[in-house]
Amino acid sequence: MNVTARWVTRLIFLLLLVSIVAGIKVFGTKFMHREDGSTAGYAFDSFVMGSVMTVTIRDPDKALAEKGAALVLDEVHRITGIFDPHNPGSEISRLNNSPRDGVPLTIGADMSLVLSEALRIRDASGGLFDPALGELINLWGFNSESAKHELPDSARIKALGDSLRWGAGIRLGENGKTVILEPETGRLDLGAIIAGYAVDRSVALLRQNGIRNALINLTGEIGVLGVGSNGRSWRVGVQHPRKSASHLGVIEQVEGLFVATSGDYERYFVREGRRYHHILDPRTGYSAKEGAAISVTVIASSCIVADAASTAAFVLGPESGVKFLDSLGCQGLIVYAADGDTESGKLAYRATEGFLRIMKPDLEGLPIL
Amino acid sequence: MKETAFKLPPLFTLADLLLLLSVGGASFAFYGFRLWNGGQHPQSMQAVVRSGDREVARLNLAVDTTLVVEGVLGGVRIVLRSGGVHFENAPCALKICEKTGEINRSGEMIVCAPSRIIARIEGGPAPAAGLDALSR
């Protein structure tokens, strides 16, 4: 009896030990991170819109997480299919190939919503955010993967500016089911707003499908649901525009909010000491340099607004940009070169009143000027 | 009537107890060290490299090495050095991946979108003060 009891106990002990070790192994391989016994979730990366989208879903149900990520990816592909100006079959290409004669053109619900927001931001920014700079964007080639990034001929830039009114001739028809493109309207290019729209749609889809904790990061435009690992708020850093491995601060209370940043530090080239970047000023046809802006981060209640407003505020420059963000009800941070030298000058920042209450700053002594 | 002393059967011998103490002590020392060390375990951190949808390598971050990965536009050199990862010789025009600089924390990644190559650091716990995403 003693011998039997001893061996039974040993067996139970052995089984317990194996279970514990197996449990650690399962958690170690199943989840992206382990942090103090909880999980950060599953992360899914996909190449979309010329960049990478990361969908992080914090849920122990792997099947639900995979379903959520698949839904998001399908939705982003659907949106890309409508708004890709380089796809001849897209709705935006159909509009771009239509004559600019003021005849109403039928549009779908997505196009209507995005154009409506784009025109609203265009009006609010005095035309400095423009959804119809297609000819100019193609000339500069910042969205082309094979472009050589040479400085375009100044005469061609001037000729475009002289012959086109860009987005000034765009009007939405009754009920938003048509769009009217007046003569001299430029080619539609909604690249400065469409990632934000895709993030809005993705977050809404995940919510509708019962996913409570998730983070979408599409080309740096970010939307969240619920909380991150250990039940704490998701932590969104803001890229330092001149130090690749640093961030300006951390936004922690992002539930219900969206974050977008526009900067001159990724899509750019330097010629004769001057930086030429992808944020174009419709007034000049060249890279925006008003007030020597370097980066703009916007926090808004929708990502489509955050995305477009960050571009618009960049073109407006730090002084007008902050007023513009206030007028939209957004919070924002504009980093600029205090002495006008965007290559090696001293950085400074301006922010809306509430921004630094949301972002825990690590501004490394940047002065508010 | 003779009384018989009833004794519970000894479940563990001295050897069993010594074994238990050894295993417990070793486990405590191992996990205690990891916790004391900030939860980081560089040996378990890997740079997971993907070209398109295909995983092409899992590289131990603790081992310095260089790997050339062929992408859509050509080869990208991925350098692991002193626990960090960076890209060199990207064939694209804007070289955004090179401008990203070095990454060294779990969850961080470098992307060469034109070549469709990603390097993401996985494994090891996320640092307590780490970021979930970077707006850029």
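Proteins come first, then strands; the chains are lettered A, B, ... in the order of their sequence lines, and each starts at number 1.
When every heavy atom of F142(A) is checked against every heavy atom of L94(B), the shortest pair comes out as O-CD1, 3.8 Å. L131(B) and V250(A) make their closest contact through CD2-CG2, 3.6 Å (heavy atoms, listed as atom of the first residue, atom of the second, distance). When all heavy atoms of G50(A) and A113(B) are compared, the pair lying nearest together is O-CB, 3.2 Å.
Contact of the T54(A) side chain with the M109(B) side chain is registered, since non-hydrogen atoms from C-beta on lie closer than 4.5 Å.
Salt bridge absent: D132(B) and R58(A) never bring a charged side-chain N and a carboxylate O closer than 4.0 Å.
In terms of modelled atom types and a separation under 3.5 Å, the side chain of S135(B) and the main chain of G220(A) share a donor-acceptor contact.
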- Message: Does T219(A) form a side-chain contact (heavy atoms from CB on, under 4.5 Å) with R136(B)? I'd like the steps, not just the answer.
- Response: CA-CA 7 Å; T219(A) 71; R136(B) 52 193 307 160; over 6 Å; no
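The distance from the NZ atom of K95(B) to the CZ atom of F269(A) is 14.5 Å, given to the nearest 0.5 Å.
Heavy atoms closer than 4.5 Å to chain B are found in the side chain of N217(A), but not in its backbone.
Judged by a 6.0 Å distance limit and a 45° cone about the ring axis, K99(B) is positioned over the six-membered ring of Y268(A).
Interface check for chain B: of the options R267(A), E252(A), E221(A), E266(A), the most heavy-atom pairs under 4.5 Å are formed by E266(A).
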